[in-house]
Amino acid sequence: MSCASARRVLTSRSCVTNTYDYVQLIEACIASKSLRQGKIVHQHLLKNGNNNVNTTTNTNNSTAIALDKLTRLYITCNELELARRVFDTIPNTKKENNVILWNLMIRAYAWDGPFERAIDLYNQMIESGVTPSKYTYPFVLKACSGLQAIEVGKKIHDHAKRLGLDSDVYVCTALIDFYAKCGCLIQARNLFDNMSNRDVVAWNAMIAGSSLHGMYYDTIGLLVQMQEVGLIPNSSTVVAVLPAIGEANVLSQGKAVHGYCMRKIFHADVVVATGLLDMYAKCWCLSYSRRVFDIMGVKNEVTWSAMIGAYVICDSTTAALELFDQMLLEGDLSPSAVMLGTILRACAKLTDLSRGRQIHGYTIKSGCFLDIMIGNTLLSMYAKCGIIDDAMRFFDEMDSKDTVSYSAIISGCVQNGNAEEALHIFQKMQMSRINPDLATMIGFFPACSHLAALQHGACGHGYSIVRGFTTDTSICNALIDMYSKCGKIDIARLVFDKMHKRDIVSWNAMIVGYGIHGLGMEALSLFHVMQTIGVEPDDVTFICLLSACSHSGLAMEGKHWFFAMSEDFNIVPRLEHYMCMVDLLGRAGLLDEAHDFIRSMPFKPDVRIWSALLSACRIHNNIELGEEVSNKIQNLGPEGTGNFVLLSNIYSAAGRWDDAAHVRIMQRDWGFKKSPGCSWVEINGVVHAFVGGDQSHPQSAQINQKLEELLVEMKKLGYRAESSFVLQDVEEEEKERILLYHSEKLAVAFGILSLNPSKPILVTKNLRVCGDCHTALKYIAIITKRDITWNLLQQNLSCFSCQSYYCSYELAC
DNA sequence: ATAGGGTTAG
């Protein structure tokens, strides 16, 4: 019966007497995919057909057949919910021998999700006593790999084995595909090797699995072997191979595959062409990507997404947004969640908050707002645009959070200068039983670095070893940074030496580590090693190297490498490099040279450049130049927070109290706030912070008492309060009191009280350590026989006495 | 076929 005649039957109100007629009507609807007509038949069946149900076994049977057909119709028309509702009304007794209908239903879920329902249905099928067929397994296993449900999949593998179906080519290929997609490449390979007849599909499953997990050499090896046994790679093989080539950045291999596609005329296939486009982008060949894109006859939504993504990968962010606009103008396609995610990442890269907010609105309208991937991208976009409060609120309001959500907020907090909150969220993450993965840890270690939270960092290191992350280069880079900033330069070097593969970040991080420890010669010799083994330094390397020279007083070497940078390494110095040089010359006491250097710069000096010089004026007590530089900073406008403090301190130290007060008043009038000097110490994983004169700590009384005791002992050894560091005009005795309650000393005293005497005390400070505290610490270390170490956070505000960022009392300063 | 979170410098 055709659909048109079916419509006639229904609209003529002629009586459909027998359910068999319904079956024919529905079959007509399936053939023409006519959902509307199908629903009308369904209504009739419900009204009239019910009368027939339960009358005779015969009609009952045919009703079941009609319901079976209806289920198929709804599946064909992508109406999964309707299909399921009809499916559930078919009595179990009528479904026992109908494996095909079960398979169809499971396939529908495996195709569009929710995957859980495919697995539920499979289990229900077994419970109802229906024996799965070889067609059942590919579907239910696809659902398992979609959910990465390894354990469930293994159980299903057992079922198949018991039914003797695992030797079937289809089932076995499905199993290989499942194991490979879930990362169980060894199991997949075992099954593959034991197969008696491997067809192209089986090879493709194995290749796709290796490629997906970035196993480049395995992937290419399989591709070669497949041809050796006489099989010809098809377009699916090519599509499977491309991601591995892209990830491994092997352009030559990518071109070879492209050539193969041309010969086989695969390149006209949208999927193949999109794969090629993406591969070229990952090899940073944007122009090739664009050429593939431009000559494509058919482009679909994925193609556009891939091309826009290609621009984002290659840092052509503006071009990505332009192409997106062009696509919207052409008007045929509406952006998917994946594409919106890509656009949001472009906004984040450009810190284009208004555009990001606009896309956020769009995701709400289009409903893909609920997609967890989109949620995470939005979260990260807000964090990268510096709107951490919005990011936090967004995070709290997210319905479901996964590892990525936590990783994004943790690194977001660190990026926005709130490392303490990052550690806090990391702890919450563990309480909510979401396991930190590799990327989480890469975000977590910098939080430890910022707080010098060595215990947290070392725990994270242990966890990373257990989880097998420490073979990863980025993890090791983060560890080098963490250990060196927590004062453990030796461990940092150990991590560096043990690394399987070092990239430029590893070398830079290690050089910085030496720099902040005042080990300029080690930094230089590492730089030398780097060159002898042929590692090309980048622009960051020179910033690291110059700052290392600066903090070790290696002015000559610094100057040499600054000029060599552009002459021998073809690296054009940026403003940052010039800043390092001003800092280097200034610290070395070459104030005039530094000043001349600023005048000769090809850039307009900004606040940071002048501040570097001003700090040098403070170190070398050059009031005249200090005043001049300070005026320059004031003329630059209200960016120079904190510089008033520097100038005021210069006056105070010289006893020019009126001038100092004048600067302070000016600062107040300009509405600047000085960030308070703050010191902290980590005790059993808890960070305790103190500001000067702080009495808010629960153990404040004990701390004060300890300090008074120490003062007596220190005086016996010859300590004299260095009152020039008290920048207020008060009596000597008062000055001694103020100095005693500086945040540095509070933190040290608390460390002595709380930590086992055998344990070293690491005190971290956000600003320069006061010279009196520096001296006092040496006495305290001797009196208490403790290993006490400073850790300074701000590069520009290094240790007052030795001008190293990080300094141990044992150092000769 | 496209796809979320990540390391170094100032």
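Below, all heavy atoms of this structure are taken into account, side chains as well, without hydrogens, waters or symmetry copies. Here is the naming used below: chain letters follow the sequence lines, and residue numbers restart at 1 for every chain.
Counting any heavy atom pair closer than 4.0 Å across all strands shown, A:Ile372 reaches a base atom. When heavy atoms are screened at a 4.0 angstrom cut-off, A:Ser506 is found touching no nucleic acid atom at all. Across all strands shown, A:Arg345 has heavy atoms under 4.0 Å from sugar-phosphate atoms exclusively, and none from any base. Heavy atoms of A:Leu438 sit under 4.0 angstrom from at least one base atom. A:Thr403 comes within 4.0 angstrom of a base, heavy atoms only. As judged by a 4.0 angstrom heavy-atom cut-off over every strand, A:Val239 is placed among residues touching the sugar-phosphate backbone only. A:Asn300 comes within 4.0 angstrom of a base, heavy atoms only. Heavy atoms of A:Lys299 sit nowhere under 4.0 angstrom from any nucleic acid atom. Within 4.0 Å of A:Ala408, counting heavy atoms only, lie sugar-phosphate atoms of the nucleic acid but no base atom.
Contact annotation: side chain of A:Asp402 to base of B:dG5, donor-acceptor pair absent below 3.5 Å. With hydrogens and angles left out, the side chain of A:Asp437 and the base of B:dG5 share a donor-acceptor pair within 3.5 Å.
Between the CG atom of A:Asp503 and the P atom of B:dA9 there is a distance of 13 Å, rounded to whole Å.
When the options A:Leu276, A:Val257, A:Leu251, A:Thr219 are evaluated for a side chain to side chain contact (heavy atoms under 4.5 Å, CB included) with A:Ile245, the one that passes is A:Val257.
Checking the phosphate oxygens (OP1, OP2) of B:dT2, no side-chain nitrogen or oxygen of A:Thr303 falls inside 4.0 Å. In this structure, A:Lys384 reaches the B:dG6 phosphate: one of its side-chain N or O atoms is under 4.0 Å from OP1 or OP2.
For A:Pro446, the side-chain atoms get nearest to B:dT7 when compared with the rest of B:dG5, B:dT7, B:dA9. Considering only side-chain atoms of A:Asp278, the nucleotide from B:dA9, B:dA3, B:dG5 that sits closest is B:dA3. In the set B:dG5, B:dA1, B:dT8, the nucleotide with an atom closest to the side chain of A:Val302 is B:dA1.
If you take CZ on A:Arg290 and CG on A:Asp294, they are separated by 4.5 Å, rounding to the nearest 0.5 Å. Within the model, atoms SG of A:Cys285 and CE of A:Met279 stand 8.5 Å from one another, a figure rounded to the nearest 0.5 Å.
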